[in-house]
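See structure below.
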Amino acid sequence: MPPHVNDISTHLKTHIRQWIQDVFSTEFTDEIKLDRPPNPKLGDFAVGCFPLAKVLRQSPVNIAQKLAAHATKTNLIEHIQATGPYLNITLNKEEFSRILCHHILNESETFGNSSLGSGQMVMVEYSAPNTNKPLHLGHVRNQLLGMAVARLLEAVGYRVIKANLVNDRGVHICKSMLAYQRFGNGETPKSTGIKGDHFVGHYYVRYEQAQKAEFEQWLVQQHVEWDTLEPHQKEQYEAQFLKESQWYAAALDLLRRWEEGDAEVIALWQKMNQWVYEGFNQTYQKMGCEFDTWYYESDLYKSGKELILKGLSEGIFFKKEDGSIWVDLTDQNLDEKILLRSDGTSVYITQDIGTAVQKFKDYPLTKSIYVVGSEQNYHFQVLFAILKKLGYTWADECYHLSYGMVYLPEGKMKSREGKVVDADDLMAGMIDLAKISLKEREEERPIQAEELETISEIVGLGAIKYHILSFQPAKDIHFDPNKSISFQGDTGPYLQYAYARIRSIFRKSEQDNYVSLTPEADYSGIHHPKEIELVRKLFDFPEEVRIAAETYNPSRITTYLFELAKAYSQFYHACPVLNAENDALTQVRMVLCKATAVTLKRGLKLLGIDAPERM
RNA sequence: GCGCUCUUAGCUCAGUCGGAUAGAGCAACAGCCUUCUAAGCUGUGGGUCGAAGGUUCGAAUCCUUCAGGGCGCGCCA
């Protein structure tokens, strides 16, 4: 085998730089961007000469022509052509595919990985559930995003700490506890056969119902016609009611006793939270969520107070007449924000300040990422600004990975009103649909009962995960449970199907040599446009992983994988593998198939999606 | 009212540093299973990139204004 180029893009960029040096006697130090020409006939790569035009004070068309006239071929570079302001480069397909396939098959599980983040540790905080109700579609988005970003960062070399910050205290937790005290009759998840988080969530709903009934009765006593009120009047009445509500008072009393350490209340709290964790863990396991460390608000809710007092003594914060402590962020286009109440107790952001500091004490982090919905954009601006004022230089390395709201056809999800898509229901529903689809195909593709279960789970979950992750994080999702997720077209199962077809080819080959197949082959047979398009797509994967990781955007990967699977499906249709014209062509197409399978599996893995051996 | 954000085909979404003719999927219509899985492939129709200005050789992309949607503006979390 002739000596070959290790890194195709480095080879191209080095040569392009050399040509620029030769023709214009100028060293071009900026990044050279390799694009793809709009029409494959123009070449495999394109370089726009616009950045050069500025430096050289010549038209990009001229530059492209001069470079093309001077450019020299190599083993890899077959043809260079100027088309308008673009320098189009056509590679020798035998070399291109040979180098690439060797690389992919040798790398295998690590294809696409890089070392951008080596030596750096980053924390990704995600999920952040409340322990009074089950996980819903909003958590699903959060968790899929958190896991995908964690995996992407690992792929580019970061050491990643996945953290869960559990909201396990507060009046909302006490509400479900109170309802359980009053209606529970000693029932347990075990005695009722209900998953623990749903069991507790049921009592939270019972509380809300009871308080709502009390409210309606109260309105009658007040002689108020609710429907005729203006919004601000409604707010006034609601506030007034909360002061008089027996139910709310009882919940607050439980909270007070919890904070005092009342043994009976603590025991109940621990028992009910334990039920919830058991339920959450089932959901986490099914979704593929993992955590390296857990933070609990019950441990942290008083933290941050000392930091505020220290900041006060240093003149960073100020005290108002009533004794409350504030920070003035108006110089940063933000407002004044309260940090400690007049009675000296913490507010939400006080605790977040303490927790942020704690994370950096616990781990030598270089980055700290918060996966939290866009409704808290302002909160995090304020939080990071305060940390910076306190003098923490790492405040600049804190990043709010904000994601858009999830809307149902009837509007925003409201858990208090039961207007949610439950995470467990969603997954079970999609798995059922996948099972139905598999059964419909049972005649052509017989399937055993056990395999039916595992494959429908892989496919159903794949459909959800792909769909949710295919949106850019910042964008809102309008989700229709009945219509949004399908198994056809631009979907998770489409990618899984491409993978399953490859595995099927290997099973049908003389001996299933998927594992043992080496990249040794005669690549001179590669010439079909669909083969070449597939090779081009495979080449793009590492760059896509890099961009997705740097921008915390898994939807780059969904888009890429769909294009890869589409290129493969077209190849599959046009280019017989086992029935190719000759054995050498079969061999090299097998290599292409394996390279595709490796890449698909690796890409799906980054998204937390499994690749089924058959479907 | 103030701040942030979004608006691309009937629907759901891509579109990298401003660059070649704005792309997919779904839905609709027309084809393809005696060849490796038809959850697939091929083809057709479908666009004033919310509107108007501006910057630029060049704007879906940057700036301004406007319209419409969303989120936030608690001694809540």
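Please read all numbers here as calculations on a predicted model, not as lab measurements.
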Just how far, in rounded Å, is C1' of G23(B) from NZ of K537(A)? 12 Å
Ring centres of Y301(A) and W258(A) under 6.0 Å apart? yes
Find the distance N377(A):CG to G70(B):P and express it as a whole number of Å. 17 Å
Select base, sugar-phosphate, or nothing to describe what D343(A) touches, counting heavy atoms under 4.0 Å on all strands. nothing
Take atom CG of L561(A) and atom P of G25(B), then tell me their distance rounded to the nearest Å. 16 Å
Whole-Å distance between C73(B) P and I338(A) CD1? 14 Å
Any base atoms under 4.0 Å from S324(A), or only sugar-phosphate, or nothing? Heavy atoms, all strands. base
Provide a list of protein-nucleic acid N or O atom pairs under 3.5 angstrom, restricted to nucleotides 7-15 of chain B.
residue : atom : partner : partner atom : Å
U7(B)   : OP1  : K475(A) : NZ           : 3.1
A14(B)  : OP1  : Q472(A) : N            : 2.9
A14(B)  : OP2  : K475(A) : NZ           : 3.1
G15(B)  : OP2  : Q472(A) : NE2          : 2.3

Name the nucleic acid region contacted by Q570(A), choosing base, sugar-phosphate or nothing; use a 4.0 angstrom heavy-atom cut-off, strictly under. sugar-phosphate
Candidate pair F384(A) and F380(A), rule ring pair (Phe, Tyr, Trp, His ring centres under 6.0 Å), full reasoning: CA-CA 6 Å; F384(A) 300 154; F380(A) 279 101; 5.7 Å; yes
What contact category does Y378(A) fall into here, base, sugar-phosphate, or nothing, at under 4.0 angstrom with non-hydrogen atoms? sugar-phosphate
Using whole Å, what does the distance between atom C1' of nucleotide A77(B) and atom CG of D352(A) come to? 9 Å
Reading nucleotides 34-39 of chain B 5' to 3', which nucleotides get B (base under 4.0 Å from a protein heavy atom), which S (sugar-phosphate only), which -? -SBBSB
Which part of the nucleic acid, if any, lies within contact of A46(A), taking any heavy atom under 4.0 Å across all strands shown: a base, the sugar-phosphate backbone alone, or nothing? base
Between F571(A) and Y568(A), is the ring centre distance below 6.0 Å? yes
Testing the 3.5 Å rule here: is there a donor-acceptor pair between the side chains of D168(A) and T131(A)? no
Between C1' of A77(B) and CG of N132(A), the distance in whole Å: 11 Å
Examine the base of A20(B) for any acceptor or donor lying under 3.5 Å from a partner atom in the side chain of N88(A), and report the outcome as yes or no. yes
Interatomic distance, CD1@I16(A) vs CZ@F28(A), rounded to 0.5 Å, equals 10.5 Å
Just checking P85(A): base, sugar-phosphate only, or nothing, at a heavy-atom cut-off of under 4.0 Å? nothing
Using a cut-off of 4.0 Å on non-hydrogen atoms, how would the nucleic acid contact of E297(A) be classed: base, sugar-phosphate, or nothing? sugar-phosphate
For RNA chain B, the dot-bracket pattern of Watson-Crick and G-U pairs whose distances stay under 3.5 Å, | for other-strand partners: (((((((..((((.....[...)))).(((((.......))))).....(((((..]....))))))))))))....
For C32(B), does the glycosidic angle fall within 90° of 0 (syn) or outside that (anti)? anti
Is R501(A) close enough and on-axis enough to Y572(A), meaning under 6.0 Å and within 45°, for cation-pi? yes
